[in-house]
Amino acid sequence: MSFAAPPFAPPHIESSVKRVRVLFGGKYVVDTKHAKLVWEKPFYPNYFFSTSDLNPSYIRESSDNKERGTKVYDLVVGKREARDAVTVFTDQASDTKDLAGLLKIEFSAADAWFEEDERVYVHPKDPYKRVDVLQSSRHVRVAVNGVELASTNRPRLLFETGLRVRTYMPLTDVHVELLRPSDTVTECPYKGVANYYNVQLPNGEIHKDIVWYYRTPQPECGQIAGYVAFYDEKVDVWVDGEKQE
């Protein structure tokens with residue numbers, strides 16, 4: 001096992017001790033206790049599997065096989081198919097030789113991913129990253145174009161390794177009359193499924209998707225349930241009277 005510190009130089013490979021399952025077309029096309037965590041990019045991993053972990057009856061060779069060192073396959077279960085969803089790594093190219101004998105399934109192509117019996121969203125959680133939610137008594141005020149959107153002395157601050165601190169506020173300290181539901185939905189492996197609000201100012205001006213919330217956040221972020229966060233980069237924020245840059 002490597003003890004190098006993240007971010008890693010890709011590809012960085014570690015064995016996972018978790019049971020990993022991939023659901024597609026009503027079948028677990030992968031069910032293994034020997035998955036690999038592979039950092040193809042420096043800041044988060046994806047799951048890779050031995051070629052023996054995927055039954056060959058679930059794949060069909062794709063016409064898109066242009067990259068040396070890989071072979072691309074469609075994922076097929078009955079009448080369901082996901083084009084170019086499976087990449088098998090061979091030993092034919094120096095930049096992928098460390099991945100030889102492994103395959104990856106595009107995360108978004110599967111219907112669901114599970115670590116043990118818990119669903120995983122977007123990508124596997126990075127074992128070197130943590131998320132903390134801390135209650136604070138700082139005074140935080142948010143405005144846009146001179147219109148106050150929120151003011152609170154009881155924010156909850158979310159600290160996520162390598163990312164900007166996010167401030168979550170109780171709805172009772174937010175001018176909810178300015179919020180308009182948005183159709184936008186995003187997912188985070190650490191926090192869960194986020195829904196969004198647009199902000200409509202009294203003059204009719206609309207600022208899209210600058211507020212979000214997690215209706216049922218992941219357990220490690222349960223403290224932000226019922227709270228909303230503002231996209232700090234798109235609004236004006238003061239903390240204890242000091243305007244944030």
Under a 3.5 Å cutoff, is there a donor and acceptor pairing between the side chains of [X] and [Y]?
X    : Y    : value
E115 : Y47  : yes
Y168 : W212 : yes
S182 : T184 : yes
R156 : Q223 : no

Would you check if [X] and [Y] make a side-chain contact, meaning some heavy-atom pair closer than 4.5 Å?
X    : Y    : value
L178 : P202 : yes
D98  : I13  : yes
I59  : V76  : no
H207 : Y197 : no
Y73  : V88  : yes
D232 : R164 : yes
T172 : R154 : yes
L102 : F49  : no

### Task
Determine, step by step, whether E40 and K104 satisfy the side-chain contact (heavy atoms from CB on, under 4.5 Å) criterion, reporting the C-alpha distance in whole Å, the side-chain angles of both residues, the deciding distance to 0.1 Å, and the verdict.
CA-CA 11 Å; E40 293 180 279; K104 71 172 180 178; 3.1 Å; yes

Heavy-atom pair of closest approach, residues [X] and [Y]:
X    : Y    : result
A150 : M169 : CB-SD, 3.4 Å
V17  : E116 : O-OE2, 4.5 Å
Y213 : V228 : CB-CG1, 3.9 Å
R180 : E177 : NH1-O, 2.7 Å
W39  : P127 : CZ2-CD, 4.0 Å
L201 : V144 : CD2-CG1, 3.6 Å

### Query
Counting only heavy atoms not in E242, do more than 12 fall under 6.0 Å of its CD?
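No, not enclosed.
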
### Query
Should the heavy atoms of other residues, nucleotides or ligands under 6.0 Å from CG of D183 be counted, would the total exceed 12?
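It does not: D183 CG has 12 such atoms or fewer within range.
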
Quick one: pull up [atom1] in [X] and [atom2] in [Y] and give me the separation to the nearest 0.5 Å.
X    : Y    : atom1 : atom2 : result
K234 : I210 : NZ    : CD1   : 8.5 Å
E233 : E245 : CD    : CD    : 13.0 Å
R19  : E118 : CZ    : CD    : 13.0 Å
E81  : L75  : CD    : CG    : 9.5 Å
L163 : Y190 : CG    : OH    : 9.0 Å
D74  : R80  : CG    : CZ    : 13.0 Å

Should [X] and [Y] be regarded as members of a common hydrophobic cluster, given that ILVMFWY residues are connected when their side-chain heavy atoms come within less than 4.5 Å of each other, either directly or indirectly?
X    : Y    : result
L149 : V239 : yes
V235 : V140 : yes
L171 : I224 : yes
V133 : V165 : no
V193 : F114 : no

### Stepwise side-chain contact (heavy atoms from CB on, under 4.5 Å) check, H34 with S15
CA-CA 7 Å; H34 304 288; S15 296; over 6 Å; no

### Query
Which residue pairs pass the salt bridge (charged side-chain N to carboxylate O under 4.0 Å, His left out) test with at least one member in residues 128-137, sequence neighbours excluded?
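Found K129-E160, R130-D132.
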
### Task
Check the pair K71, E61 against salt bridge (Lys or Arg N to Asp or Glu O under 4.0 Å), reporting the backbone distance first and the verdict last.
CA-CA 8 Å; K71 292 193 71 173; E61 189 163 354; 3.6 Å; yes

Backbone N or O of [Y] within a donor-acceptor pair of the [X] side chain at under 3.5 Å?
X    : Y    : result
T90  : G69  : yes
R60  : S57  : no
N55  : V29  : no
D53  : S50  : yes
Q244 : W238 : no

#### Entry: Ring-ring centroid check F89 F48, cutoff 6.0 Å
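Yes.
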
### Query
How about F107 and W113: are their ring centres within less than 6.0 Å of each other?
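Yes, they do, as the ring centres are separated by less than 6.0 Å.
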
### Inter- and intrachain pairs under side chain to side chain donor-acceptor pair (under 3.5 Å), touching residues 141-153, at least two apart
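Those involving residues 141-153 are H139-S151, R141-E148, N145-E205, E148-H175, T152-D173.
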
### Query
Do L54 and L103 pass the side-chain contact (heavy atoms from CB on, under 4.5 Å) test, and can you show the C-alpha distance, the side-chain angles, and the key distance before you say yes or no?
CA-CA 9 Å; L54 179 61; L103 64 84; 4.0 Å; yes

#### Entry: Member of F159, Y231, F230 meeting the side chain to side chain contact (heavy atoms under 4.5 Å, CB included) criterion with R166
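With R166 as partner, side chain to side chain contact (heavy atoms under 4.5 Å, CB included) holds for just one option, Y231.
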
### Query
Would E220 and K125 count as a salt bridge (Lys or Arg N to Asp or Glu O under 4.0 Å) if you check the C-alpha gap in whole Å, the side-chain angles of each, and the deciding distance to 0.1 Å?
CA-CA 12 Å; E220 58 263 47; K125 294 179 182 178; 2.6 Å; yes

### Task
Using the side-chain contact (heavy atoms from CB on, under 4.5 Å) rule, take K243 and D236 through it: C-alpha gap first, then chi angles, then the decisive distance, then the call.
CA-CA 7 Å; K243 189 174 182 181; D236 296 318; 3.7 Å; yes

